[in-house]
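Below you'll find the structure, written out as structure tokens, and then a few comments.
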There are 2 protein chains.
Amino acid sequence: MTSPTPFADRLMKATLELGPLCVGVDPHFGKIPALFGTNGAEAVANWGEAVIARCEGKVSMVKPQAGLFERWGSKGVAALERVCVAAQKANLLVMMDAKRGDIGSTAVGYAEAYLGADACAPSDAITVNPYMGLDTLEPFVEVAIREGKGIAVLARTSNPGSADFQAKDLEGAPLFMRVAQALNPLAQRLQGKETKWSGLMLVAGATGPEEARLLREAAPICPFLVPGYGAQGAGAAQAVAGFVSGPQGLEGGVVNASRSITFPEAAQNASTAKEWDMAVDAAIQAAQTDLKTAVQS
Amino acid sequence: MTSPTPFADRLMKATLELGPLCVGVDPHFGKIPALFGTNGAEAVANWGEAVIARCEGKVSMVKPQAGLFERWGSKGVAALERVCVAAQKANLLVMMDAKRGDIGSTAVGYAEAYLGADACAPSDAITVNPYMGLDTLEPFVEVAIREGKGIAVLARTSNPGSADFQAKDLEGAPLFMRVAQALNPLAQRLQGKETKWSGLMLVAGATGPEEARLLREAAPICPFLVPGYGAQGAGAAQAVAGFVSGPQGLEGGVVNASRSITFPEAAQNASTAKEWDMAVDAAIQAAQTDLKTAVQS
């Protein structure tokens, strides 16, 4: 059996080809246009599959937000499974935004549920929470190595409350820096074959560009998953603050946009699928151009 | 509309009546006896319902481990829903061990999914991760107040890796103490009407009795959810180290046991439902007696 292509190599190839945009698939039910249906979980699945269809060939990664699917219980999780399968068929990288974390045997459950070969909601990577310690991340790393998958560990998130603990000084450096430093041995185990980058990403909010630069020094091989761009307020230059020079401009991560892509005003008022398609296509193109300009300037 | 009975009052009444044992419902598939079936999610649901039936009238709280249900995708989540509904009918308090945490709109999704009035997996409380900050806990607190529910925030967990970040010094005190201190205003908002206790619990591992005593001082009104007793190695005296004197002995939380209750050796080898029932009943009685002795000595 040949070992699978590491996630790092697949990620860098895709972002260099298509640009650094990651599209967040966050089914805020009240905002989903009626043309996708009015039954909760069914509308969520229809809308999610439509988002995937718009992303195909235009973006490298999509990031479904597990909580907003889970809101609808097992039917919502079935909708999430439909979206993941559609994304896989569309050759999109899937970052499952689940922010899981638990002790050994349960962490194995979560890792197999999303990264395993027979995962119901097949994903290329999953966001994980480091609060419980490195032993709780180990099962995710093991499954990721075996399957050519990745993980994205919360370091400095984009919400105001990230200042409460993450930014506080833990024995001489901010907690988020301690997390990044502690992760380096795990990051090395997930390093690509064709690139220097690792399949261990760090979540580094666009709202903290200074922190992103500090994180880049502490974790030189970890690509960043950058939330906070677009509707959350940060611009493209802030979003790529932790990127570094590569052969084709700045590289080193993906920048997520959710509401600004999937709920643009023109899409909200769409009365036909075609109008909705055009509105979302325009939003994808605008964000991708904005971000490509930032990494090439 | 009358406001619902606060979770704190329901919790203290139940534990005083039945004892401090919380039974962890952790469906480790490889250990589930064949008499519950061999199809993954179906066997998990059958086994979970059988555990609930044994707990009825004998314990105050059950704690389903979300990750081990989620392992089976949407079918596993449907099994979790069956278990929660069965527990609700059996008058058991349900602590959903999901360790969720996310920014505002997603946190609302998780809170409604488990604590909401129309939750698919109806629960009385949910475990949450504080790493992202207080604003990410706020939606859980709001839903908990509205519905008479609770939350259990990870403070000092029972796994070895809890030393990596939780136990490190954050500006003059261990991170887990900073978390507990920061939570006090939220804890006050969830205080009971009939008791001084709050519906905001803290996870305080039995493997760290010294830390539990420190946590008790920092968070005098937060009941503890204590993992690590039984199969994980800690004894009853360690598990109740953070409890305080009350009218009926030590009080101030629940002590979880999972494998030692639901997978005792005699249950593993059971060839009939009756044999399995007797083995689990004996394990419940032994743990409850052990813990009651510890709180009454």
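Letters go in sequence order (proteins before strands), and every chain restarts at 1.
- Remark: side-chain polar atoms of D135(B) are paired, donor with acceptor, to backbone N or O of G161(A) under 3.5 angstrom.
- The shortest side-chain heavy-atom distance between L170(A) and D169(B) does not fall under the 4.5 Å cut-off.
- Contact annotation for A182(B): only side-chain heavy atoms (C-beta onward) come within less than 4.5 Å of a heavy atom of chain A.
- Contact count against chain B (heavy-atom pairs under 4.5 Å) is highest for Q166(A) among Q166(A), E138(A), E112(A).
- Of the atoms belonging to P227(B), not a single heavy atom falls under 4.5 Å from chain A.
- Counting heavy-atom pairs closer than 4.5 Å to chain B, the top-ranked of the candidates R100(A), H28(A), K75(A), R178(A) is R100(A).
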Check against side chain to side chain contact (heavy atoms under 4.5 Å, CB included), D102(B) and Q65(A):
CA-CA 10 Å; D102(B) 213 312; Q65(A) 179 50 261; 3.4 Å; yes
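- Taking T136(A), V179(A), D26(A) one by one and counting their heavy-atom pairs under 4.5 Å with chain B, the maximum is reached by V179(A).
- Counting heavy-atom pairs closer than 4.5 Å to chain A, the top residue among P130(B), A79(B), A163(B), A111(B) is P130(B).
- By number of non-hydrogen pairs under 4.5 angstrom with chain B, the leading residue of S105(A), A121(A), G116(A) is S105(A).
- Remark: side-chain polar atoms of D164(B) are paired, donor with acceptor, to backbone N or O of L134(A) under 3.5 angstrom.
- Within the 4.5 angstrom heavy-atom criterion, no atom of F29(B) approaches chain A.
- Contact annotation: the side chain of S162(A) never approaches that of M132(B) to less than 4.5 Å [non-hydrogen atoms, C-beta and beyond].
- Most heavy-atom pairs under 4.5 Å with chain B, from the set W72(A), F69(A), F165(A): that is F165(A).
- In terms of heavy-atom pairs under 4.5 angstrom with chain A, the leader among R71(B), R156(B), K168(B) is R71(B).
- Using modelled atom types, one side-chain atom of Y131(A) and one backbone atom of A155(B) make a donor-acceptor pair closer than 3.5 Å.
- At a threshold of 4.5 Å between non-hydrogen side-chain atoms, the residues T106(A) and K99(B) do not count as touching.
- Of the atoms belonging to E81(B), it is side-chain heavy atoms, and not backbone ones, that fall under 4.5 Å from chain A.
- Nearest approach of Y110(B) to A66(A), heavy atoms of both residues: OH-CB, 3.8 Å.
- Taking every heavy atom of both residues into account, S74(B) and A78(A) meet most closely at CB-N, 3.5 Å.
- At distances below 3.5 Å, not a single donor-acceptor pair connects side-chain atoms of E70(A) with backbone N or O atoms of A113(B).
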Assess the residue pair I103(B) and T157(A) against the criterion (side chain to side chain contact (heavy atoms under 4.5 Å, CB included)); give the C-alpha distance rounded to whole Å, side-chain angles, the decisive distance to 0.1 Å, and a yes or no.
CA-CA 9 Å; I103(B) 60 168; T157(A) 57; 5.8 Å; no
